[in-house]
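Worth saying up front: this structure is predicted, and the values here are computed from it rather than measured.
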Amino acid sequence: AASPTVVFSNIPAGAGYQVSVTSTTGCSSGTTSCGSASSTSLKQTAPTSNEREKEEEAVLSLKKDKMVAYPVPFSNKLTLEFYIEQEGNFQVNLYDMGGKLVKQLKTGTSLAGEMQRVEVNGLGLHDGMYLVSVMSGKEKQTIRIIKKE
């Protein structure tokens with residue numbers, strides 16, 4: 001008999017969790033007792049060096065991917081984080097899916113490789129998909145976001 005697969009999708013990566021599952025055997029419907037005990041445990045442990053390496057890889061991946069937005073979908077507030085490769089001025093704009101400018105979110109100057117964080121206020125925005133565009137010199141980054149009440 002193949003063993004069942006257990007998936008925990010709500011545990012954040014690198015959180016240092018240890019999962020232990022024991023399945024119940026010898027049960028049939030209509031019985032009040034089972035042949036063996038059943039237990040499930042979830043406990044948080046200190047992150048191992050391997051988990052710390054995975055967290056560092058995630059940070060490096062963010063630099064490589066340059067832009068992330070969370071949570072998606074969002075209702076009231078969305079956080080956008082991105083890196084600018086070259087020193088200079090940048091501009092962050094929010095567009096509807098037709099390409100119409102909804103609002104300018106931020107302008108500024110950044111050092112090369114510096115992370116920028118922008119919070120998008122969802123109040124006054126209609127539910128739907130939007131594009132956030134970051135322009136800096138010749139560099140342009142775009143990400144899709146979803147607004148949902």
From L80, V118, V132, residue fulfilling side-chain contact (heavy atoms from CB on, under 4.5 Å) relative to L94: V132
Beyond-backbone contact of V134 with I143, side-chain heavy atoms, under 4.5 angstrom: no
Do other residues, nucleotides or ligands put more than 12 heavy atoms under 6.0 Å from the CD atom of E114? yes
Would you check, one step at a time, whether the test salt bridge (Lys or Arg N to Asp or Glu O under 4.0 Å) holds for D127 with K147? CA-CA 5 Å; D127 284 3; K147 162 73 163 69; 3.7 Å; yes
Do you see a donor-acceptor pair shorter than 3.5 Å between the side chains of N89 and T109? yes
Distance from Q91 atom CD to S136 atom OG, nearest 0.5 Å? 10.5 Å
May I ask you to test the N121-N76 pair for a side-chain heavy-atom distance under 4.5 Å? no
Spatial distance of atom NZ (K106) from atom CD (E119) [nearest 0.5 Å]: 10.0 Å
Passes side-chain contact (heavy atoms from CB on, under 4.5 Å), S75 versus K148? Steps please. CA-CA 5 Å; S75 58; K148 184 176 178 182; over 6 Å; no
Taking atom NZ as the centre, does K103 end up with more than 12 heavy-atom neighbours from other residues, nucleotides or ligands that are less than 6.0 angstrom away? yes
Check whether any side-chain heavy atom of I146 lies under 4.5 Å from a side-chain heavy atom of F74, and answer yes or no. no
I want to check something: taking the side chain as every heavy atom from C-beta on, are Q116 and E81 in contact at a cut-off of under 4.5 Å? no
About how many Å separate CG of N93 and CD of Q104, when rounded to the nearest 0.5 Å? 5.0 Å
Is V120 reachable from M97 through a run of hydrophobic residues whose side-chain heavy atoms are each under 4.5 Å from the next? yes
Check the pair V72, L78 against side-chain contact (heavy atoms from CB on, under 4.5 Å), reporting the backbone distance first and the verdict last. CA-CA 8 Å; V72 175; L78 173 111; 4.0 Å; yes
Please report the closest heavy-atom contact between F82 and Q141, naming both atoms and the distance. CB-OE1, 4.4 Å
Are any non-hydrogen side-chain atoms of F90 and E139 less than 4.5 angstrom apart? no
Can you tell me how far the CG atom of D96 sits from the CE atom of M129, to the nearest 0.5 Å? 12.0 Å
Shared ILVMFWY cluster between L101 and Y130, side chains joined below 4.5 angstrom? yes
